[in-house]
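Counting starts at 1 for both ligands and their atoms, in listed order. Just so we're clear, the structure is a prediction, and the values are computed from it rather than from any experiment.
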Amino acid sequence: MTERAASSTAVLVCQGRAAADGRYAVGRFSDPIAADLLDSSERLVVDRVRAAEPPTEPPTEPPTEPPTEGTDRVAHEMVRRVAVTMVPRTIAIDDAIRGSGAEQLVILGAGLDARAWRMLELAEVTVFEVDHPASQRDKQRRVGALAPRAGRVAWVAVDLSKEPLAAGLEAAGFDRQVRTTWVWEGVVPYLTPAEVRATTAQVAALSAAGSRLVVNYQLKSLPTTVMRAAMRLILRVSRHPDPMAGEPWRSQWRPDGIRNLLSDNEFDTVWDSDLLTLSAGLELPSDNNGSLRNGRVALAVRR
Ligand SMILES: C[S@@+](CC[C@H](N)C(=O)[O-])C[C@H]1O[C@@H](n2cnc3c(N)ncnc32)[C@H](O)[C@@H]1O
């Protein structure tokens, strides 16, 4: 059996955040660590996207033209669109973390999430980085000697499709009596409905009353499925590596399905919003609105 590789979609969303930093929603969105987590070859396209959209305040370099042909253009467009998507998603989740006052933050399927390395608000918080073992090893290599801002970072390697959460978390010092914030961002689509249900039940069993769960999911919609398939076809035709190839989407949800799932597991939904709504006032380019409409973030509190 071949071992699963580290997540490529984790790299793609990290590229998006690195491209967006200081370019979109300046003053609201920031992820200066994302670029540090990328290898130099992964940074090339990020640098091109940033050069095509230099900051307007203060005016600096004139923008360079984005590539017009071939694989460069496909890579450029993919990272630029991901950058736009990351902005409202990150802001909404960061705000939910800031408002929680919880002593424990568990990031499920953490990928190259840099919150433990960039959020000053986590100085007194233990951050549990939960991820598939291959992705986690890759992140540890990338993090290297970067100093976290969080009080403590605890690494918990778990395959959510087949391993229980509790043992690894508690061995790393997680306390189920203490209020926790759970972040489940960009992971639900990669799990089957049964895996999403099982993970939610485990999260509930490990959550003290008042704990928060912030969950990002993809809307069940035909346009979303068609758009993703079209993007993958373009990648194939232009012979560009497809970061989605080894990570198929396995579940998309409707808001009432997520609300019921959370409620069945003792979590009351406080809000559930699409990324387009969360983008209000952020002055993002409008050509990615279709994708923003289909991504959602919900915040729920444990009874
Ligand atoms: C698109 S990335 C998102 C990473 C990060 N949460 C973010 O938003 O930047 C998907 C993440 O889900 C993780 N993942 C997917 N399936 C998983 C599983 N069965 N068990 C644990 N993690 C999984 C991958 O390893 C990867 O880190």
Output for ligand 1, non-hydrogen cut-off under 4.0 Å, lists Arg4, Ser7, Thr9, Ala10, Val13, Arg17, Arg89, Gly109, Ala110, Gly111, Asp131, His132, Ser135, Val158, Asp159, Leu160, Ser161, Glu185, Gly186, Val187, Tyr190, Leu191
Mind listing the side-chain donor-acceptor pairs of residues 252-261 below 3.5 Å, one per line with the distance, residues two or more places apart or on another chain?
{"unit_1": "Gln252", "atom_1": "NE2", "unit_2": "Leu219", "atom_2": "O", "d": "3.3"}
{"unit_1": "Trp253", "atom_1": "NE1", "unit_2": "Ser251", "atom_2": "OG", "d": "3.0"}
{"unit_1": "Asn260", "atom_1": "ND2", "unit_2": "Asp256", "atom_2": "O", "d": "3.2"}

If we ignore angles and hydrogens, is there a donor and acceptor under 3.5 Å between the side chains of Asp39 and Ser41?
-> no
Would a distance-only check, ignoring hydrogens and angles, find a side-chain to backbone donor-acceptor pair under 3.5 Å from Arg89 to Leu275?
-> no
Asp131 side chain to Gly111 main-chain N or O, any donor-acceptor pair under 3.5 Å?
-> yes
Thr85 versus Asn288, side-chain donor and acceptor atoms under 3.5 Å | yes
Kindly determine whether Arg28 and Glu283 satisfy salt bridge (Lys or Arg N to Asp or Glu O under 4.0 Å), including the steps that lead there.
-> CA-CA 11 Å; Arg28 290 286 286 122; Glu283 297 181 13; over 6 Å; no
